[in-house]
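Read the structure below first, then the notes.
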2 protein chains.
Amino acid sequence: MTTRAGRRLTIADVARAAGVSTGAVSYALNGKPGVSEATRARVIQVAGELGWRPHSAARSLSVARTGTVGLVLARPASTLGDESFYMQLITGIEAELAQQGTGLLLQMVPSEDACVEVYRRWVAQGRVDGVLVSDIVHDDPRPAFLREAGLPAVAMGGDAALGLPRVVGDDERAVQQVVAHLAELGHRHVARVSGLPGLLHVRLRDEAFTAAARSAGLHPQLVSTDFTARASRRATERLLQRRVRPTAVVYDNDVMAVAGLAVVQAHGLRVPQEVALVAWDDSALCSLVHPRLTAVARDIRGLGALAARRLLRLLAEGDSGADAGAGAGDEAEAQVAAAADVPAPASRLVVRESTSASPPETR
Amino acid sequence: MTTRAGRRLTIADVARAAGVSTGAVSYALNGKPGVSEATRARVIQVAGELGWRPHSAARSLSVARTGTVGLVLARPASTLGDESFYMQLITGIEAELAQQGTGLLLQMVPSEDACVEVYRRWVAQGRVDGVLVSDIVHDDPRPAFLREAGLPAVAMGGDAALGLPRVVGDDERAVQQVVAHLAELGHRHVARVSGLPGLLHVRLRDEAFTAAARSAGLHPQLVSTDFTARASRRATERLLQRRVRPTAVVYDNDVMAVAGLAVVQAHGLRVPQEVALVAWDDSALCSLVHPRLTAVARDIRGLGALAARRLLRLLAEGDSGADAGAGAGDEAEAQVAAAADVPAPASRLVVRESTSASPPETR
DNA sequence: CTGAAAGCGCTAACAG
DNA sequence: CTGTTAGCGCTTTCAG
């Protein structure tokens with residue numbers, strides 16, 4: 001029964017069909033007072049039959065809201081595909097947004113500065129209601145920009161100094177758990193092959209690792225990489241050639257762990273008997289290799305969903321709540337921001353063959 | 001020098017600052033005739049200084065164009081993360097779109113029908129200018145809907161019957177290449193562990209595989225799966241227990257190939273001496289395992305970029321060209337559609353240890 | 001509770 | 001070549 005002709009269906013068509021004014025239709029469909037329940041029902045009915053939906057641009061223009069949130073990934077394109085992390089994150093974010101009828105605008109850029117440029121454009125064009133920020137680095141230019149521009153944002157990770165509401169992980173606890181696990185197995189020299197050193201969460205894990213190891217009486221070692229398999233191979237080689245060879249290595253992602261495993265095995269060392277391995281992010285990869293890798297499993301989809309939900313809440317608050325003006329009262333403001341943080345789903349250590357029972361030969 | 005105050009910067013501000021009318025500003029910035037070059041330059045200068053960009057909703061409303069294209073992934077969320085395929089595809093698409101200042105709206109849904117619902121909503125809301133379609137299945141409801149709704153679309157894969165412009169891969173040629181490679185190595189019994197049987201490209205590969213094997217005098221076998229590691233393990237088990245055990249197995253994605261490798265090795269069979277393995281899509285995974293896997297490498301980012309570019313061209317044509325009305329003249333129309341197809345980047349066989357030299361022990 | 005009308009910011013067709 | 005003006009489709013005050 002739908003009109004197939006060229007003209008677009010407008011609220012006027014619905015109004016005419018329902019025998020009311022366009023204003024009434026608007027009230028009826030937005031659940032606002034101003035129409036009788038009978039009328040409301042009829043309007044909804046008619047709109048449904050006609051398959052009418054408010055034109056997104058027109059609506060945005062009048063309510064100054066786009067129904068869209070943005071996500072800019074600031075990572076060299078080449079590394080995005082390797083880790084399943086991002087796809088899962090996006091999946092989680094999207095699932096939550098879709099539930100609320102909010103769209104996700106996605107963009108990839110090579111750097112944090114380029115990311116800011118995208119934000120700047122989005123703000124100028126009024127293209128998104130808010131953004132989700134990931135991979136916060138040291139001296140990240142994004143939080144400051146977002147605050148000044150007044151673009152609502154939620155950070156995944158990062159620290160309290162950002163001044164943005166965050167979804168905060170339990171990396172520190174997870175690191176402690178890993179170290180405790182290794183200590184229990186009798187390891188004395190433990191190494192960590194960490195990711196891009198600029199990343200705040202990488203740094204946090206580094207520090208937590210060193211601290212946890214020290215306080216357990218172990219000897220920690222650190223090697224930095226760029227998260228790639230190639231870098232992991234180099235780092236692993238280097239570790240294996242050290243005078244004091246670590247008997248356990250913790251990798252900062254799944255790809256690096258698997259790459260490291262290959263190197264260890266190529267050196268004729270047995271896993272886990274001579275070297276135990278742990279991957280951060282668990283993934284299909286970790287249980288596909290032999291021996292299967294012990295991993296820190298995080299609910300990444302859940303993390304994304306929480307971040308999205310937090311942002312939606314922020315947007316809803318902004319509609320009625322106080323003007324998030326950049327001003328004085330730093331302390332009170334920071335407190336509010338802190339209170340606004342949300343804990344990410346707990347990560348857990350999945351123990352597999354790469355760290356099982358057999359105690360390492362200490363040297 | 002930017003105004004930090006609350007009010008949004010509008011074209012009127014730019015006009016005032018440049019001492020011209022708003023109309024002149026619009027002409028100047030859209031590269032249209034109607035202003036002197038001197039004025040145009042001044043306007044552009046001023047707009048730049050002010051950091052003004054046309055408000056996206058307002059612009060969309062008047063030009064009936066959103067500057068956004070949509071991508072809906074119709075796959076159960078759980079499998080999206082495993083394959084790096086999608087992330088690479090998105091990366092490629094996005095890179096091309098970003099160059100033209102076009103946004104990418106992303107959504108994930110569990111089925112093709114749900115996908116159509118998203119399209120329906122997008123059309124009703126005027127949310128996107130066009131869409132990119134992937135994972136075409138047999139009797140896919142999407143192409144018909146898109147044609148009827150008049151929503152510009154480009155399909156990645158699928159067959160000519162879709163009636164949509166496509167980016168067409170060279171799967172058939174690639175399959176032939178794989179089979180020829182295996183035949184050359186002396187394999188007689190070759191198997192293919194294929195993905196979801198509903199997918200058109202899976203079916204195409206199945207047929208090409210059988211045909212190529214037959215015409216090379218080989219004995220092909222097929223097992224269907226759902227692309228998961230789990231299904232691959234089951235399929236591989238089954239293959240290894242067959243009376244006539246295949247000496248070479250071709251997997252429809254990287255994850256399945258690696259999972260299959262583990263099963264083969266668990267059976268005490270040596271790769272490639274006793275069983276040779278080939279992965280479709282190459283990825284980090286394939287060169288991380290031992291032995292490294294021979295794989296059909298495709299330029300997935302390139303594929304995405306081409307599809308995006310094709311869609312942008314379609315949109316540009318639509319602006320000035322003929323009304324893409326669904327009507328008679330099927331033949332002519334089909335011809336046009338065919339001519340509008342674009343070849344995907346060529347795939348190539350990357351030979352690694354999993355199929356190297358040593359001839360299989362034929363039985 | 002309902003209908004008319006103004007305006008969101010921009011583009012494009014119109015007179016000057 | 002320039003300035004004025006009428007919409008794009010919706011929401012939302014403001015009279016009735």
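No experiment lies behind these values; they were computed from the predicted model shown. Protein chains get the first letters and strands the later ones, always in sequence-line order, with residue 1 at the start of each.
B/Arg42 places its CZ atom 13 Å from the C1' atom of D/dC1, with the value rounded to the nearest Å. In this structure, CG of A/Leu29 is placed 17 Å from P of D/dG9, rounded to the nearest angstrom. At whole-Å resolution of the value, CZ in B/Arg59 and P in D/dG9 are 17 Å apart. A/Gln125 places its CD atom 15 Å from the P atom of C/dG9, with the value rounded to the nearest Å. One atom, CG of A/Leu61, and another, P of C/dA6, lie 17 Å apart when rounded to the nearest Å. One atom, CZ of B/Arg127, and another, P of D/dC10, lie 14 Å apart when rounded to the nearest Å. Here the C1' atom of nucleotide D/dT12 and the CZ atom of A/Arg65 are 17 Å apart, to the nearest Å. Atom CD1 in A/Ile11 sits about 19 Å away from atom P in D/dG7, given to the nearest Å.
Using modelled atom types, no side-chain atom of A/Arg301 and backbone atom of A/Ile90 make a donor-acceptor pair closer than 3.5 Å.
Taking every side-chain heavy atom of A/Val20 into account, C/dG3 is the closest of C/dG3, C/dG9, C/dC10.
Qualifying side chain to side chain donor-acceptor pair (under 3.5 Å) partners for A/Arg121, counting only residues two or more places apart in sequence or in other chains: none.
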Can you pull every protein N or O that's under 3.5 Å from an N or O on nucleotides 12-16 of chain C?
{"residue": "C/dA12", "atom": "OP1", "partner": "B/Lys32", "partner atom": "NZ", "Å": "3.4"}
{"residue": "C/dA12", "atom": "OP2", "partner": "B/Lys32", "partner atom": "NZ", "Å": "2.7"}
{"residue": "C/dA13", "atom": "N7", "partner": "B/Tyr27", "partner atom": "OH", "Å": "3.0"}
{"residue": "C/dA13", "atom": "N6", "partner": "B/Tyr27", "partner atom": "OH", "Å": "3.3"}

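No more than 12 heavy atoms of other residues, nucleotides or ligands lie within 6.0 Å of CZ in A/Arg309, so this atom counts as exposed by the packing criterion.
The line from CG of B/Asp135 to SG of B/Cys115 is 9.5 Å long, rounded to the nearest 0.5 Å.
Looking at every heavy atom in both residues, B/Met108 comes nearest to A/Glu94 through N-OE1, 3.1 Å.
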I'd like a table of donor-acceptor pairs (distance under 3.5 Å, sequence neighbours excluded) in which one partner is a side-chain atom from residues 23-33 of chain B, with atom names and distances.
{"residue": "B/Ser26", "atom": "OG", "partner": "B/Asn30", "partner atom": "ND2", "Å": "3.4"}
{"residue": "B/Asn30", "atom": "OD1", "partner": "B/Arg59", "partner atom": "NH2", "Å": "2.7"}
{"residue": "B/Asn30", "atom": "ND2", "partner": "B/Ser26", "partner atom": "O", "Å": "3.1"}

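Across all strands, B/Ser60 comes closer than 4.0 Å to no nucleic acid atom at all (heavy-atom distances).
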